[in-house]
Student: 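Let me begin by handing over the structure; questions about it come next.
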Amino acid sequence: MENNSRLNGAGRILIFILVSFPVFGTSHTRHGDGTILRASVGCSQPNSTFLICRNRQLRGLQTILNVARVSFENVTGEHLDAKNIEHLRWTNSGIVDIKKAIVNPQSLITLDLTSNNVTKLQDYYFQQYTNLKEMNLSYNAIDDLPRYVFVNQSLRILALAHNSLQAIPFQVFAPMQRLQILDISYNHIVAILDHFFKFNKHIELLALNNNKIAKLTSNALADLSDLRTLDLSHNSIKSISKGLFDSLKNLKYLNLANNPLTNVPSGTFRGLTNLRELNLSGNKLMHFTFGLLHFSPELTSLTLDDTHIEELHNSELLGIAKLETLRIRNNKQLREIENYVFADTPRLKELDISGNALTFLPISLANLTTLKRLNISDNPWACDCRMYWFAPWAEEKRHHDLILSDLSCGPYAYPNDMLPTLNHLNCTGPRLNYKTPTKQYRLKSDALLECRYTANPPPSITWVTPSREVFHWNPDPAIPDIFEKHAHAHDALMIPIRVIPPRIQVLDNGTLLIKNVTRKDCGRYTCYASNPIANLTENVLLHIDPTDWNNVRIMSLIVGLQCATAFLALTLFIQLIRYLIRRFGIFNNFCSFCKRDRVSPRARQIYAMLDNIEQYKSQQLERLRDNYTQQVNRIKENCAQQMEWIQNSYQTQTKHLKDFRDIGSQHLSTLRGQYCDQVKKVRDYSTTQLNWVRENYVFQRNKIRKFSAHKVLQLRETYKYQQQTLNKVLENLPSLYFENCRAGTCGRAESLVFDPNDVESIDVYLKAKIEKLANLEEVTNTDITQSRQSLYYTPTERSLGSRILSPGDPPIEVFINHITSRPMGLPPFVDGPSTSHETITSNGTNRSSLKTSHSTEELLAKNSSCDIQLSTSLPELSVGDVVEDASKRHETAL
Ligand SMILES: *[C@@H]1O[C@H](CO)[C@@H](O)[C@H](O)[C@H]1NC(C)=O
Ligand SMILES: *[C@@H]1O[C@H](CO)[C@@H](O)[C@H](O)[C@H]1NC(C)=O
Ligand SMILES: *[C@@H]1O[C@H](CO)[C@@H](O)[C@H](O)[C@H]1NC(C)=O
Ligand SMILES: *[C@@H]1O[C@H](CO)[C@@H](O)[C@H](O)[C@H]1NC(C)=O
Ligand SMILES: *[C@@H]1O[C@H](CO)[C@@H](O)[C@H](O)[C@H]1NC(C)=O
Ligand SMILES: *[C@@H]1O[C@H](CO)[C@@H](O)[C@H](O)[C@H]1NC(C)=O
Ligand SMILES: *[C@@H]1O[C@H](CO)[C@@H](O)[C@H](O)[C@H]1NC(C)=O
Ligand SMILES: *[C@@H]1O[C@H](CO)[C@@H](O)[C@H](O)[C@H]1NC(C)=O
Ligand SMILES: *[C@@H]1O[C@H](CO)[C@@H](O)[C@H](O)[C@H]1NC(C)=O
């Protein structure tokens, strides 16, 4: 059995050559001379064309050598004349020099010189062998092939096995383009270079086994498209170059046995679509590469002896459904063939898994209906429930013709005891005995979850937590369970959990212990029991005590509240600081320009509006004041004119009276009385006029102020309204707002809405304006020097009254002339008369006017005594005062 199946290249070739002799010979047989032959010792002639001789000298045989086929063994001597011989077989005869030994080889078709002492071949050595088709030089001592040794040869078969070849010249076989079989096995060849066989495209069998080839480069075999059989066994190939076999479309038999291969990449055999037999035995493979044989669906025989494979996994034999012979022998590390491996090879006829370290048979073996031979000997079979199916299967009737090896349990059990042992196993699937009832656990307490099963064998238990963490427990680690390859604890992604010390763990008896229960632990726990007979799933629920839930809820509320409060306080604090900064304008002084930059366009607009109102107001007030002064001047001019006129008439009358002395002093006194009357009237009239004008002025001014204050208020109201609508809009668009917030643009959405800062600042601005307006009167009354911004002043009733009523004031003379002589005056500040005089005197023009008035005063003082009376009796007449005031005020304003 083994001999048949072994791919022994050399053996094949020898058989081939031996068998082929008669085939070539039949067409060329000639009649020989039998009379002489009969006398020769050690020879025989089966028929007229075939001569066989053994253990004798060559001498004396020459005369009978006119047969076509000759076979010599241990026939020593020189100079064999092969003139008529077509098929010469001359072995074990110590031939050293072929050229000397065989003369006239022209008719030779086959030549077999195995087991001689041929050591040297020379260039053009076989030039005379013009008809030679087959040559076997195996088992000689050839250590060199000269480059031109095969020139002009057209061999079909060349065997050079068991020589001492080391390096062979590049493409040394190129002349033999018809070469079909080349055997150079059992030499010391180290390398076959790329395209070595470029001109030997028809090689069908190539034996390179038992050499010292360490590496075959990718194109070493690239040209051998007709290759059927390739033997590379017993070399030193450590790795297979990518694409080495890609062009070998017709390869059927490949032997890679006994190389130091550790890995065969999955694409290695992708070109071998016609592969029938593969031998990978004796390599150092650690695993059988998944998908290695996907491209070779015709494979019928696979041999994997003596490797380092530890497990044969499901699907690793996928794609070779036509496999009939599988030999996996003597793999001392092979512990397991997974349960479904043989599901991929349903046509298996011969299975040999002897000599491994297997403990149980894969259950998919039961489905191999075409199986004829099964060898499972020499494995440490455990004969436990994992193989409970085997006894009934082996005893089935249709398996009776199956050739079974001995069936023994373990290495030391009694031979052929397996079936009885298995038959008495009492295997049962898991049945639930007890599981932890649903309970409520306090937070931070420990929880024990338990599932108790009865089963034979005891089931492994797998716990799955609500967070998809998985914990495996195997009662007897000696018997691996189906989860053996999983980590002891792993998460949903099969990543091992390594928490030390573990919070959740499986105790020694399969109970799940959860320490320090948290809220995340509550939920459904699955305990999954599994033994070779059956699987069973149960659920255990873990609940958290509701009081704990409530506590948690309350705690959450409290924490939430605290957070909210803290946030509120923080916000308020920040707002307060901002308000203070605004209120006292701390930053205004430092960086007025940056502040202005910060003002949004909208705020600027409002500021402009307010400024407009202010401007309008000031314009109006200016005009009003102009009008007022004009009117006052007109009245004063009027009054002065009248006064002058009265004075003139009085002076002329007095002159006349003085001229006519006789009229006397009585007349003069009446005249003076008349004069005083008239003056008084004029003054009264002027005063009422002035009062009226002033009242009008005050009224007008107030109107203007009220108007602008009203405008500002209105503006503020509209602004507030806008702000409110804006807030409403913001409330109705919470998502947008919050998205903005999340995006970090919160509070900076100038383009969209009003800046709340603007709203406030404008508010503050408006308030300041209104306050200013409201306080204006009081401020002007109490301390006018401070409010320098208030350009517009008119004496109020109070100021007038105080002026009039103040008793400490020195009596002021009424100088009507003042009105005329003085330049256009404006209301002065309400100050002491002394200051007013000082200011006036400091002014050059006023001084000159004073001088002129002084002259008139003198005139008046000289001419009339009613002046003093007038000034004293009419202190309330304050036209001059008013005028003075006005002028002073004008100066200050300027
Ligand atoms: C002669 O004998 C050989 C070996 O027995 C055989 O192969 C061959 O066919 C025979 N030839 C003839 C002509 O009978
Ligand atoms: C070879 O033949 C010689 C006689 O010629 C004989 O003495 C010798 O023992 C033979 N050797 C073998 C191995 O048969
Ligand atoms: C041939 O080789 C064998 C062994 O290889 C040796 O014993 C024998 O002496 C050799 N004969 C000759 C003639 O060299
Ligand atoms: C055996 O074959 C049957 C039917 O073909 C299939 O249902 C079953 O899964 C197979 N069992 C195994 C272990 O391959
Ligand atoms: C198998 O075990 C069960 C209980 O464990 C028992 O009732 C039954 O008889 C046993 N069967 C055999 C064949 O021993
Ligand atoms: C497993 O062990 C735990 C703690 O040692 C114990 O509480 C529990 O009852 C045991 N369960 C079984 C099934 O023995
Ligand atoms: C329980 O867990 C919490 C947080 O997970 C930890 O602060 C506490 O120390 C743990 N308690 C115990 C007894 O392990
Ligand atoms: C138990 O479940 C595993 C995993 O699903 C499966 O591989 C195994 O075949 C099942 N065993 C039985 C007896 O059904
Ligand atoms: C001054 O005001 C009066 C009435 O208020 C008006 O009639 C007069 O036209 C005004 N004069 C000027 C110059 O505005």
Side-chain angles (χ1 to χ4, degrees), residues 15-34 37 40-61 64-78 80 84-96 101 109-110 112 114-117 134 139 430-437 439 441 445-455 458-463 471-476 501-517 525 527-529 536 538 540 542:
I15 291 162
F16 187 91
I17 290 168
L18 287 172
V19 168
S20 68
F21 265 81
V23 176
F24 282 100
T26 42
S27 55
H28 299 282
T29 44
R30 290 176 195 175
H31 297 282
D33 193 338
L37 191 68
S40 34
V41 183
C43 290
S44 64
Q45 196 168 21
N47 54 40
S48 56
T49 60
F50 197 3
L51 174 67
I52 302 172
C53 296
R54 272 193 195 91
N55 301 333
R56 60 159 291 162
Q57 293 290 309
L58 183 62
R59 212 178 318 119
L61 284 176
I64 56 164
L65 278 179
N66 52 357
V67 290
R69 181 174 296 261
V70 173
S71 176
F72 288 165
E73 192 181 348
N74 189 12
V75 176
T76 52
E78 289 179 353
L80 171 68
N84 297 316
I85 303 171
E86 290 174 358
H87 305 288
L88 175 60
R89 183 169 186 266
W90 192 358
T91 63
N92 290 309
S93 305
I95 301 167
V96 175
I109 295 171
T110 66
D112 183 353
T114 49
S115 307
N116 284 293
N117 283 15
E134 300 171 16
Y139 295 96
R431 263 202 334 269
L432 186 73
N433 262 4
Y434 165 82
K435 70 172 181 181
T436 312
K439 260 201 315 210
Y441 295 88
S445 63
D446 291 355
L448 267 180
L449 304 183
E450 212 177 311
C451 288
R452 264 180 242 156
Y453 296 97
T454 48
S460 76
I461 293 178
T462 298
W463 287 97
F471 298 87
H472 296 294
W473 175 77
N474 189 359
D476 184 2
R503 201 173 62 79
I504 303 177
Q505 70 185 101
V506 188
L507 298 179
D508 286 344
N509 56 17
T511 307
L512 189 73
L513 171 65
I514 304 160
K515 286 188 204 154
N516 196 2
V517 171
Y525 286 76
C527 70
Y528 177 90
L536 191 64
E538 287 292 337
V540 179
L542 187 152

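Counting starts at 1 for both ligands and their atoms, following the listed order.
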Student: Would you say the side chain of V540 lies within less than 4.5 Å of the side chain of W463, judging by non-hydrogen atoms?
Tutor: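 Yes - at least one pair of side-chain heavy atoms lies under 4.5 Å apart.
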Student: With side chains defined as the heavy atoms from C-beta onward, is the minimum distance between F50 and S71 less than 4.5 Å?
Tutor: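 The answer is yes; the side chains approach within 4.5 Å.
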Student: Between Y453 and I461, is there a side-chain heavy-atom distance shorter than 4.5 Å?
Tutor: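 The answer is yes; the side chains approach within 4.5 Å.
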Student: With atoms numbered from 1 as shown, which atoms in ligand 6 lie under 4.0 angstrom from a non-hydrogen atom of L507?
Tutor: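 Listed by number with element: 3 (C), 4 (C).
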Student: Which ligand 6 atoms, with their elements, are less than 4.0 angstrom from a heavy-atom of E450?
Tutor: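 Numbered from 1, ligand 6 contributes 8 (C), 9 (O), 11 (N), 12 (C), 13 (C).
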Student: For a 4.5 angstrom cut-off between non-hydrogen side-chain atoms, does E134 reach I109?
Tutor: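 E134 vs I109: side chains apart.
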Student: Would you call I514 and R503 a side-chain contact if the rule is heavy atoms closer than 4.5 Å?
Tutor: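 They are in contact (side-chain heavy atoms under 4.5 Å apart), so the answer is yes.
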Student: List every atom of ligand 2 that sits less than 4.0 Å from any heavy atom of N74, numbering the atoms from 1 in the order shown and giving each element.
Tutor: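 Atoms satisfying the 4.0 Å criterion: 1 (C), 2 (O), 3 (C), 8 (C), 10 (C), 11 (N), 12 (C), 14 (O).
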Student: Is it the side chain (CB and beyond), the backbone, both or neither of L513 that lies under 4.0 Å from ligand 6, heavy atoms counted?
Tutor: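 Within the 4.0 Å criterion, L513 makes no contact with ligand 6.
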Student: Any chance CG of N509 has more than 12 other-residue heavy atoms, nucleotides or ligands included, within less than 6.0 Å?
Tutor: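 More than 12 heavy atoms, drawn from other residues, nucleotides or ligands, come within 6.0 Å of this atom.
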Student: Taking 4.0 angstrom as the limit and counting only heavy atoms of F50, give me the atoms of ligand 1 inside it, by number and element.
Tutor: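 This gives 2 (O), 3 (C), 4 (C) as the contact atoms.
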Student: For atom 11 (N) of ligand 2, is the nearest protein heavy atom under 4.0 Å away?
Tutor: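 Yes; the ligand atom in question has protein heavy-atom contact below 4.0 Å.
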Student: Just so I know, are the side chains of L58 and L80 near enough to count as touching, which here means a heavy-atom distance under 4.5 Å?
Tutor: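 Counting from C-beta outward, L58 and L80 do come under 4.5 Å.
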Student: When you compare the side chain of R56 with that of C43, does any pair of heavy atoms fall below 4.5 Å?
Tutor: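 SC-SC contact between C43 and R56 confirmed.
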Student: Just to confirm my output: which protein heavy-atom neighbour is closest to atom 4 (C) of ligand 2, and how far is it?
Tutor: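 Residue, atom and distance for the closest contact: N55 O, 4.1 Å.
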Student: Run the numbers for me: atoms of ligand 6, each under 4.0 Å from some heavy atom of T511, listed by number.
Tutor: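 Ligand 6 atoms under the 4.0 Å threshold to T511: 1 (C), 10 (C), 11 (N).
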Student: Considering only heavy atoms, which of L512, T436, N509 lies nearest to atom 8 (C) of ligand 6?
Tutor: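 The residue whose heavy atom sits nearest atom 8 (C) of ligand 6 is N509.
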Student: Within a distance under 4.0 Å of any heavy atom of L448, pick out the atoms of ligand 6 and give their elements.
Tutor: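 The atoms of ligand 6 under 4.0 Å from a heavy atom of L448 are 7 (O).
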Student: With heavy-atom distances below 4.0 Å as the criterion, list the atoms of ligand 6 near R452.
Tutor: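 Answer, ordered by atom number: 13 (C).
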